[in-house]
Amino acid sequence: MRGRLVDALPGWTREGAVQRPPVIGVLAGEGIGPEVVRVALEVLEALAGAAGVRLDVRHGGAIGAEARRLTGRSLTQDTARFCEEVFAAGGALFCGPGGARFVYELRKRFDLFCKFTPLAPMPGLEDAGALRPERLAGVDIVAVRENVGGLYFGEGGREADASGRATAFQRFAYREDQVDRILGVAARLAARRRGELAVVIKREGVPAISELWLEGIERLDGRGIRIEVLDIDNAVYQLVARAQRFDVIVSSNMFGDVLADCGALLLGSRGLSYSGNFGPPGRAVFQTGHGAAHDIEGTGTANPSGQILSAAMMLEESFGWVEGARRVRASLAAVLGRGLRTADVAGHGHRVVGTREFGAAVRDALREAAG
């Protein structure tokens, strides 16, 4: 029994997209964000057209570094209000990359405490990355990240001694209820999957907080699952060297950030990484795992696969449209199987195409499958 990832979250119920138009709040972001978001939305429109489903797509304003340049804030009041309206309508947010402190402010404001990052290589891309294909056989992992506590939400500053030498500091904390909440989600998810849960801490490096997490494990309902505790340095090594051993991995905010980026090695490119951020009551934000990539902005070479996969995740997790999500993923796999690739995952014998052409191929594959 697996079902949707959100089945592991307390109080999550959603109607299917075929029952009412899904409300999608779009924040295109900066850098390559508008390019890959546009392609993903075109894929969704093609799917909806083939299935006879109407989408309610709403567009918000600037976020991240661009918003801060314009207004002095990376999450503006107008954008926060837009998000509230989307959530109030039963919708989900579909985000491109936003710099500065946008993602942290968004997660804190809406208590998006849980981040799910699927790490399952796509068929046909085994030779696309830095790892040997045999290292990727059978890999199917979900990284669960606590999203609103820890280092990223600590208080920092600078002090100077009498001689003027500066000291920078960052003070951070975790509460027991924050730890218990995310451990409970991860345990329920593991019970629905293969029953293996890895909890990542750093016993001696961060002893007080690690002890809090270890105490949380003792309070877990661990029936039907096997729990393993790993230090972050060993966990990162094992994720690359022996990824098949993992099922569900749960960790604190910063450690989860490190693990998700490292896990992109299993996918072949950060351009294929994606995730969903979740909080009560049914709030969700879907995004890629890569940044704004300003160095290739406007070149038409960005890989839109991660944004397309985040769109499929949104259909399944927020709107219950499991079949729609399956069609999107299958169409993406079909295009890759034909040898069409963006440059970041291209190899010998592949045809290298740009962002828009790749998206068009995925739309064509959707329509062909629909007959």
Side-chain angles (χ1 to χ4, degrees), residues 16-18 21-29 31-60 91-97 118 120 122-125 267-276 284-290 293 300-345 351-371:
V18 294
V23 177
I24 301 171
V26 179
L27 296 169
I32 62 170
E35 301 169 54
V36 295
V37 166
R38 178 171 58 177
V39 166
L41 289 175
E42 289 170 348
V43 169
L44 288 180
E45 292 289 354
L47 170 71
V53 173
R54 184 173 69 85
L55 303 177
D56 184 351
V57 180
R58 308 176 184 183
H59 294 267
L93 292 177
F94 188 56
C95 276
M122 294 197 69
L125 286 179
L267 308 177
S269 167
R270 287 188 75 193
L272 289 151
S273 60
Y274 64 100
S275 61
V285 178
F286 298 88
Q287 61 186 111
T288 64
H290 60 70
T301 59
N303 187 346
S305 297
Q307 200 74 53
I308 293 169
L309 288 167
S310 69
M313 187 182 195
M314 176 178 63
L315 295 180
E316 183 165 0
E317 304 296 343
S318 271
F319 304 125
W321 193 5
V322 178
E323 176 58 21
R326 186 200 66 76
R327 291 185 193 180
V328 171
R329 288 190 286 261
S331 298
L332 178 60
V335 170
L336 293 170
R338 295 170 191 164
L340 265 68
R341 306 286 171 86
T342 49
D344 58 321
V345 289
R351 179 185 163 202
V352 178
V353 296
T355 309
R356 298 301 303 278
E357 187 175 355
F358 187 87
V362 176
R363 297 198 305 273
D364 289 344
L366 267 170
R367 296 186 183 106
E368 289 167 10

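Residue numbers count from 1 along this sequence. Side-chain atoms are counted along with the backbone in the values below, which use heavy atoms only and exclude waters and symmetry mates. Note that the coordinates shown come from a computational prediction; the quantities given were computed from them, not determined experimentally.
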Side chains of [X] and [Y] in contact at under 4.5 Å (non-hydrogen atoms):
| X | Y | value |
| --- | --- | --- |
| T342 | V352 | no |
| Y274 | M313 | yes |
| V328 | L47 | yes |
| P21 | R54 | yes |
| S275 | F286 | no |

Once rounded to the nearest 0.5 Å, what's the spacing between atom [atom1] of [X] and atom [atom2] of [Y]?
| X | Y | atom1 | atom2 | result |
| --- | --- | --- | --- | --- |
| T288 | L309 | OG1 | CG | 10.5 Å |
| F94 | H59 | CZ | NE2 | 11.0 Å |
| S269 | R341 | OG | CZ | 11.5 Å |
| L340 | R351 | CG | CZ | 5.0 Å |
| N303 | E35 | CG | CD | 12.0 Å |

Ignoring hydrogens, what is the shortest heavy-atom contact between [X] and [Y]? Give both atom names and the distance.
| X | Y | result |
| --- | --- | --- |
| M314 | L44 | CE-CD1, 3.9 Å |
| L315 | A325 | CD1-N, 4.0 Å |
| R329 | M122 | O-CE, 4.1 Å |
| V53 | P22 | CG1-CD, 4.4 Å |
| S305 | L272 | CB-CD2, 3.4 Å |
| A51 | W321 | CB-CZ2, 3.7 Å |

State which residues pass side-chain contact (heavy atoms from CB on, under 4.5 Å) with A302; sequence neighbours excluded, sorted by chain then number.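 If we apply the side-chain contact (heavy atoms from CB on, under 4.5 Å) test to A302, skipping adjacent residues, the hits are I32, V36, I296, T355.
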Apply side-chain contact (heavy atoms from CB on, under 4.5 Å) to the pair L55 and E45, showing each step before the final yes or no. CA-CA 8 Å; L55 303 177; E45 292 289 354; 4.1 Å; yes
With a 3.5 Å cut-off and sequence neighbours excluded, list the donor-acceptor pairs that the side chains of residues 362-371 form with protein atoms.
from: R363; atom 1: NH1; to: E42; atom 2: OE1; distance (Å): 3.0
from: E368; atom 1: OE1; to: R338; atom 2: NH2; distance (Å): 3.1

Taking the side chain from R58 and the backbone from I24, do they hold a donor-acceptor pair closer than 3.5 Å?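 Pair absent, no side-chain N/O of R58 close to backbone of I24.
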